[in-house]
Novice: 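Take this structure, written in structure tokens, and hold onto it; I'll ask about it next.
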Amino acid sequence: MLRLGILLAVVAVVLSFPSMAPSPYEITVGIAILNYAVLSTSWNFVGGFTGYISLGHGGFAGLGAYGTGLLVTKAELPPFAALFTAAVLVAAVAVPVGYAALRVRGASFVIVSIALVLILLLVFQSWSSFTGGSRGLVVPRPFPGMLRAEHHRTFYFLFAALLAAALVVWWIIDRSRFGMGLKAIREDEDKAQSLGTPTYTYKLVVFVVSAAFTSLAGGLYALWFGDLDPVFQFSILSGAYMVLMALLGGVRHLYGPVLGAVIVGYGLEYSKIEYGDTPLHLVVAGLLLGVVVMFMPDGVIPAATALLDRFRKTGETSIREVTAAELRERRGQRNGTEEVRDSERSGSGSGKGSPT
């Protein structure tokens, strides 16, 4: 009941935030944080379940953004039809990418994921006749007659709905047999494979699901923001922020990436507003990462849960003090039990030797 109450309170705050925001700017900050939350939750399908650290998920977000924008501008599809079509195409691209990348582990997998982002950056910068190159790509607004404030408010709820969908899918997988197989991969992949778990297939499936949700977040961002730049869309920093947010909140918890997105997202937006285009927001991100690694390696939520458990157990000791009277009583009970057992044994022994 306590968890349900907290969840309902958080949902109420999220849904009422646009009406409480003093200006449209605060709503844009809320949209940015929700976008970070969707991205980090999408990343957590791979990182949280399998333990594979990918720094290349920013590439899938960029593909979703450019795919949506190009389908709207070149193929003249309706905006939201383009959004879901791009997600399907990105999921299809993720199959061969995952087929190659998931054959390696550890640092090798991280390097492969970084290489993916760099390759996509070079392609979309060089292919200026199709993607716009360094000039960028302008995506038409999906609601042209809507005022800017209402435009922000509408996309705020769209991002909230996408986040809710990602959380529901993560929750379902977490409680399924498929999710148990993914957790076995995270704990010991070789042992899981020796016990019959199709580890490679499981990894590939969850990799594709993660890429699809990441693409939806990138495409929805393109429809909201309306201006795409390859340097920003295919940035290694985007993938690093996803990892930081998930690790900060706790990768093994449903709401861990969301909490991390709120903390990191607000810190990044605040530093950008206060200090402009200076790289101070990178310093903030680095400090947060250092705090996580040093003091909360499992994340904020597991650390807070452990702290609450310690307070709940205050007053309880592993060795309880026992008075001398209690000790004498226990010894008397033990001696009486032993005497009864001895008498039963002697009685059964005499019965066996007596004639019928």
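The analysis underlying the following values was restricted to heavy atoms, covering all of them including side chains, and did not include hydrogens, waters or symmetry mates.
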Novice: Checking Ser210 side chain against Val206 main chain: does a donor-acceptor pair fall under 3.5 Å?
Specialist: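 Judged by distance alone, no pair lies under 3.5 Å.
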
Novice: Please report the closest heavy-atom contact between Thr73 and Val138, naming both atoms and the distance.
Specialist: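 Heavy atoms only, the tightest pair is CG2-O, 3.6 Å.
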
Novice: Assess whether a salt bridge exists between Arg141 and Glu150, defined as any Lys/Arg side-chain N lying under 4.0 Å from an Asp/Glu carboxylate O.
Specialist: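 The answer is no: the pair does not qualify as a salt bridge.
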
Novice: What distance do Leu248 atom CG and Ser40 atom OG have between them, rounded to the nearest 0.5 Å?
Specialist: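 Answer for the CG-OG pair, Leu248 versus Ser40, is 10.0 Å.
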
Novice: Treating Asn44 as the side-chain partner and Val251 as the backbone partner, does any N or O pair qualify as donor plus acceptor under 3.5 Å?
Specialist: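 Confirmed, Asn44 side chain pairs with Val251 backbone.
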
Novice: Donor-acceptor check, side chain of Thr197 to backbone of Ala192, threshold 3.5 angstrom: yes or no?
Specialist: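 Confirmed, Thr197 side chain pairs with Ala192 backbone.
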
Novice: Could you tell me how the ring of Phe109 sits relative to the ring of Tyr52: parallel (under 30°), tilted (30 to 60°) or perpendicular (over 60°)?
Specialist: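 Judged by the thresholds at 30° and 60°, the geometry between Phe109 and Tyr52 is perpendicular.
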
Novice: For the pair Phe213 and Phe45, name the ring-plane relationship: parallel under 30°, tilted 30 to 60°, perpendicular over 60°.
Specialist: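 Parallel, since the angle between the ring planes stays under 30°.
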
Novice: Could you check if a side-chain atom of Tyr25 sits within less than 4.5 angstrom of a side-chain atom of Ile273, using non-hydrogen atoms only?
Specialist: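 Yes, side chains in contact.
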
Novice: Check whether NZ of the Lys or CZ of the Arg Arg103 lies under 6.0 Å from the centre of the six-membered ring of Tyr99 and within 45 degrees of that ring's axis.
Specialist: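 Judged by the rule, Arg103 and Tyr99 form a cation-pi pair.
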
Novice: Can you name the nearest heavy-atom pair linking Leu220 to Phe80, along with the distance?
Specialist: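 The pair with the smallest heavy-atom distance is CD1-CE2, 4.2 Å.
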
Novice: Could you see if Val258 belongs to whatever hydrophobic cluster contains Ile172? Use Ile, Leu, Val, Met, Phe, Trp, Tyr and a side-chain cutoff under 4.5 Å.
Specialist: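 Same cluster: Val258 reaches Ile172 through Ile, Leu, Val, Met, Phe, Trp or Tyr contacts under 4.5 Å.
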
Novice: Would you please indicate yes or no on a ring centroid separation below 6.0 angstrom for Phe178 and Phe49?
Specialist: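 No, the ring centres sit 6.0 Å or more apart.
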
Novice: Out of the candidates Lys191, Gln193, Lys203, only one should pair with Ile185 under the side-chain contact (heavy atoms from CB on, under 4.5 Å) rule; please name it.
Specialist: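 Among Lys191, Gln193, Lys203, the one meeting side-chain contact (heavy atoms from CB on, under 4.5 Å) with Ile185 is Lys203.
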
Novice: Keeping the roles fixed (side chain from Ser113, backbone from Val110), state whether a donor-acceptor pair exists under 3.5 Å.
Specialist: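 A pair under 3.5 Å: yes.
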
Novice: For side-chain contact (heavy atoms from CB on, under 4.5 Å), just list the numbers for Leu228 and Val139, CA-CA rounded to whole Å, side-chain angles, deciding distance to a tenth of an Å, and then say yes or no.
Specialist: CA-CA 8 Å; Leu228 304 179; Val139 183; 4.0 Å; yes

Novice: So, does Ser126 use its side chain to make a donor-acceptor pair with the main chain of Val123 at under 3.5 Å?
Specialist: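 Absent.
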
Novice: Could you walk me through whether Tyr36 and Leu268 satisfy the side-chain contact (heavy atoms from CB on, under 4.5 Å) test, starting with their C-alpha distance in whole Å, then the side-chain angles of each, then the deciding distance to 0.1 Å, before giving a yes or no?
Specialist: CA-CA 11 Å; Tyr36 285 136; Leu268 293 176; 4.1 Å; yes

Novice: Counting only N and O atoms by type, is there a donor-acceptor contact under 3.5 Å from the side chain of Thr50 to the main-chain atoms of Arg186?
Specialist: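 Looks like no, no N/O pair under 3.5 Å.
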
Novice: Minimum heavy-atom separation for Phe60 to Val97, with atom names?
Specialist: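 Closest pair (atom of Phe60, atom of Val97, distance): CZ-CG1, 4.3 Å.
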
Novice: Strictly distance-based, threshold 3.5 Å: is any side-chain N or O of Ser19 a donor or acceptor partner for the main-chain N or O of Ser16?
Specialist: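 Yes.
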
Novice: Given 3.5 Å as the limit, does a donor-acceptor pair link the side chain of Tyr255 with the main chain of Gly249, or not?
Specialist: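 Here the side-chain-to-backbone pair does not exist.
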
Novice: Should the heavy atoms of other residues, nucleotides or ligands under 6.0 Å from CZ of Arg177 be counted, would the total exceed 12?
Specialist: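 Incorrect, the count does not exceed 12.
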
Novice: Do side-chain atoms of Thr68 reach the backbone of Gly64 as a donor and acceptor pair under 3.5 angstrom?
Specialist: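 Indeed, once roles are kept as given, a pair shorter than 3.5 Å links the two residues.
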
Novice: What residues, two or more places apart in sequence or in another chain, satisfy salt bridge (Lys or Arg N to Asp or Glu O under 4.0 Å) together with Arg105?
Specialist: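 By the salt bridge (Lys or Arg N to Asp or Glu O under 4.0 Å) rule, Arg105 matches Glu189, Asp190.
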
Novice: Evaluate the ring planes of Phe234 and Tyr66, with Trp represented by its six-membered ring, and classify them as parallel (under 30°), tilted (30 to 60°) or perpendicular (over 60°).
Specialist: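 The arrangement is parallel - the two ring planes meet at less than 30°.
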
Novice: Could you walk me through whether Val38 and Tyr221 pass the side-chain contact (heavy atoms from CB on, under 4.5 Å) test, one step at a time?
Specialist: CA-CA 11 Å; Val38 176; Tyr221 176 87; over 6 Å; no

Novice: Can you name the closest pair of heavy atoms from Val117 and Gly56 and give their distance?
Specialist: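 Closest approach of Val117 to Gly56: CG2-CA, 3.3 Å.
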
Novice: Please give me the minimum heavy-atom distance between Met245 and Val264, naming the atom from each residue.
Specialist: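 Nearest heavy atoms, Met245 then Val264: CG-CB, 3.8 Å.
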
Novice: Side-chain contact test, heavy atoms from C-beta onward, threshold under 4.5 Å: evaluate it for Ile301 versus Arg252 and give yes or no.
Specialist: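 No, their side chains stay 4.5 Å or more apart.
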
Novice: Does any N or O in the side chain of Thr131 come within less than 3.5 Å of the main-chain N or O of Phe124, such that one atom is a donor and the other an acceptor?
Specialist: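 Side chain of Thr131 to backbone of Phe124: a pair is present.
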
Novice: Indicate, with yes or no, if the rings of His151 and Phe155 have centres closer together than 6.0 Å.
Specialist: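 His151 vs Phe155: aromatic centres under 6.0 Å.
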
Novice: Can you list the steps and then say if Phe207 with Val95 is a side-chain contact (heavy atoms from CB on, under 4.5 Å)?
Specialist: CA-CA 8 Å; Phe207 186 80; Val95 174; over 6 Å; no

Novice: Check whether any side-chain heavy atom of Thr41 sits under 4.5 Å from a side-chain heavy atom of Leu163, and report yes or no.
Specialist: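 They are in side-chain contact.
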
Novice: Any non-hydrogen side-chain atom of Leu259 less than 4.5 Å from a side-chain atom of His253?
Specialist: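 Leu259 does not reach His253 side chain to side chain.
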
Novice: Just so I know, are the side chains of Pro257 and Trp43 near enough to count as touching, which here means a heavy-atom distance under 4.5 Å?
Specialist: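 No, side chains not in contact.
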
Novice: Are there over 12 heavy-atom neighbours, none belonging to Tyr200, within less than 6.0 Å of that residue's OH?
Specialist: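 Yes, OH of Tyr200 has more than 12 neighbouring heavy atoms, counting only those of other groups under 6.0 Å.
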
Novice: Below 4.5 Å, heavy atoms only, C-beta onward: do Asp174 and Lys183 meet side chain to side chain?
Specialist: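 A side-chain contact under 4.5 Å exists here.
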
